[in-house]
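Here is the structure we will look at, set down as structure tokens.
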Protein chains: 2
Amino acid sequence: MLDATFAALADPTRRAILARLAQGEATVTELAAPFAMSQPAISKHLKVLEKAGLITRGRDAQRRPCRLAAEPLEEATQWLAGYREFWEARYRQLDAVLKGME
Amino acid sequence: MLDATFAALADPTRRAILARLAQGEATVTELAAPFAMSQPAISKHLKVLEKAGLITRGRDAQRRPCRLAAEPLEEATQWLAGYREFWEARYRQLDAVLKGME
DNA sequence: CAGTTACATAACTGGAAGGTTATCTGCCTA
DNA sequence: TAGGCAGATAACCTTCCAGTTATGTAACTG
């Protein structure tokens, strides 16, 4: 699952789509509007996001509204949290150095 | 930068390498040992990690010890943090539902 | 019912990913 | 100095990815 999540997040178009969805539901056409890209290209990106579980889709007549699904983001965050102490250690070192300069 | 970071993290072999490096420096041969994969394949993965800034490499005679570099992980975490309220909101909803069932 | 809107699907293309084997380089050691 | 060890690089293959255009399909609208 982490594979699909990180792979999905590796594309700037897809991250921008998620950023848009963080502000609420949107249709495919709405999501496609900001990009200089064909509609099928966006549909493909949405499929990638859907397979990664990062979005879910409803139905409203001809429209297929997309919603953000947070679970994989949480999973990714938790994985990264395992390394948190690592860079915090760096900051403590930096702190120490700065204190030494006083 | 986030592109390269997330792309690098999308591969399980590379995540495993990072996990190993979290416990301290290691040489290429040491890193390659756990995997049923040729040494050049590992070297490629290391190059990906290096380009993404996730590792740095030193020199010790013929050995090129690798160290974990935390900065891109921090950057990725901060990006994800922008969505944190999103799933926390879900939990608050769940909480509310559970309380309603009492 | 004809046309249009909203989106999906198919087929193609160029380039990057991830693996392989074979070979080269640099450094240590006997 | 000859040989071996650690690792990088090259050349190749196959599969996937991100985009395209063209076409199909379901649902609304006049």
Side-chain angles (χ1 to χ4, degrees), chain A residues 1-21 23-69 72 76, chain B residues 1-21 23-69 72 76:
Chain A
M1 207 63 244
L2 276 178
D3 280 35
T5 302
F6 282 131
L9 295 181
D11 186 284
T13 302
R14 289 193 290 261
R15 287 199 306 277
I17 288 174
L18 293 181
R20 167 64 186 76
L21 290 177
Q23 303 172 201
E25 251 186 37
T27 68
V28 176
T29 311
E30 285 165 357
L31 290 172
F35 302 102
M37 201 179 295
S38 65
Q39 169 261 315
I42 299 294
S43 279
K44 276 196 185 181
H45 282 304
L46 292 175
K47 183 166 283 185
V48 171
L49 291 169
E50 192 177 17
K51 275 194 183 173
L54 283 160
I55 64 171
T56 60
R57 335 181 62 165
R59 180 168 276 279
D60 164 29
Q62 318 100 311
R63 262 142 266 135
R64 306 291 313 276
C66 302
R67 280 184 292 301
L68 184 56
Chain B
M1 209 62 244
L2 277 177
D3 279 37
T5 303
F6 283 131
L9 296 180
D11 187 284
T13 302
R14 288 194 291 260
R15 287 199 306 277
I17 288 175
L18 293 180
R20 168 64 186 76
L21 289 178
Q23 303 173 202
E25 252 185 35
T27 68
V28 175
T29 312
E30 286 165 358
L31 290 172
F35 302 102
M37 201 179 297
S38 66
Q39 170 261 315
I42 299 293
S43 279
K44 277 195 185 185
H45 282 303
L46 292 175
K47 184 165 285 187
V48 171
L49 290 169
E50 192 179 16
K51 276 195 182 173
L54 283 160
I55 65 171
T56 61
R57 335 180 64 163
R59 178 168 278 281
D60 165 29
Q62 318 100 311
R63 264 142 264 134
R64 308 290 313 275
C66 302
R67 280 184 293 300
L68 184 54

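Proteins get letters first, then strands, A, B, ... in listed order; numbering begins at 1 in each. Since we're looking at a predicted model, the values are computed, not measured.
Contact annotation: Arg64(A) does not reach the phosphate of dA26(D) (side-chain N/O to OP1 or OP2, under 4.0 Å). The phosphate of dG19(D) (OP1 or OP2) has no side-chain N or O of Ser38(A) nearer than 4.0 angstrom. Not one side-chain nitrogen or oxygen of Ser43(A) sits closer than 4.0 Å to the OP1 or OP2 atom of dC7(C). An OP1 or OP2 oxygen of dG18(C) is reached within less than 4.0 angstrom by a side-chain nitrogen or oxygen of Arg14(B).
Nearest nucleotide to the side chain of Pro40(A), out of dC7(C), dT9(C), dG19(D): dT9(C). Nearest nucleotide to the side chain of Asp11(B), out of dC7(C), dG18(C), dA6(D): dG18(C).
The separation between Lys47(B) atom NZ and dA16(C) atom C1' is 15 Å, rounded to whole Å. The CD1-P distance, from Ile42(A) to dT21(D), rounds to 14 Å in whole Å. The distance between atom CG of Leu9(A) and atom P of dA18(D), rounded to the nearest whole Å, is 12 Å. Between the CD atom of Glu30(B) and the P atom of dC5(D) there is a distance of 16 Å, rounded to whole Å. In this structure, Gln62(A) atom CD and dG24(D) atom C1' are separated by 16 Å, rounded to whole Å. We find that NE2 of His45(B) is positioned 6 Å from P of dG18(C), with the value rounded to whole Å. Rounded to whole angstrom, the span from the CG atom of Asp60(A) across to the P atom of dT5(C) amounts to 17 Å. One atom, NZ of Lys44(A), and another, P of dT9(C), lie 12 Å apart when rounded to the nearest Å.
Side-chain N or O atoms of Arg59(A) include one that pairs as donor or acceptor with a backbone N or O of Ala61(A) at under 3.5 Å. Remark: the backbone N or O of Leu9(A) is paired with a side-chain donor or acceptor of Arg15(A) at under 3.5 angstrom.
Remark on DNA chain D: of its neighbouring residues Met37(A) and Ala61(A), the 5'-side contact belongs to Met37(A), judged by nearest-heavy-atom nucleotide.
A heavy-atom distance below 4.5 Å is found between the side chains of Ile55(B) and Leu18(B).
In this structure, CG on Leu31(B) lies 5.0 Å from CG on Leu21(B), to the nearest 0.5 angstrom.
Within 4.0 Å of Ala41(A), counting heavy atoms only, lies at least one base atom of the nucleic acid.
Just one residue in the list Arg57(B), Lys44(B), Arg64(B), Arg14(B) forms a salt bridge (Lys or Arg N to Asp or Glu O under 4.0 Å) with Glu50(B), and that residue is Arg57(B).
In this model, no side-chain donor or acceptor of Gln39(B) finds a partner on the base of dA6(D) within 3.5 Å.
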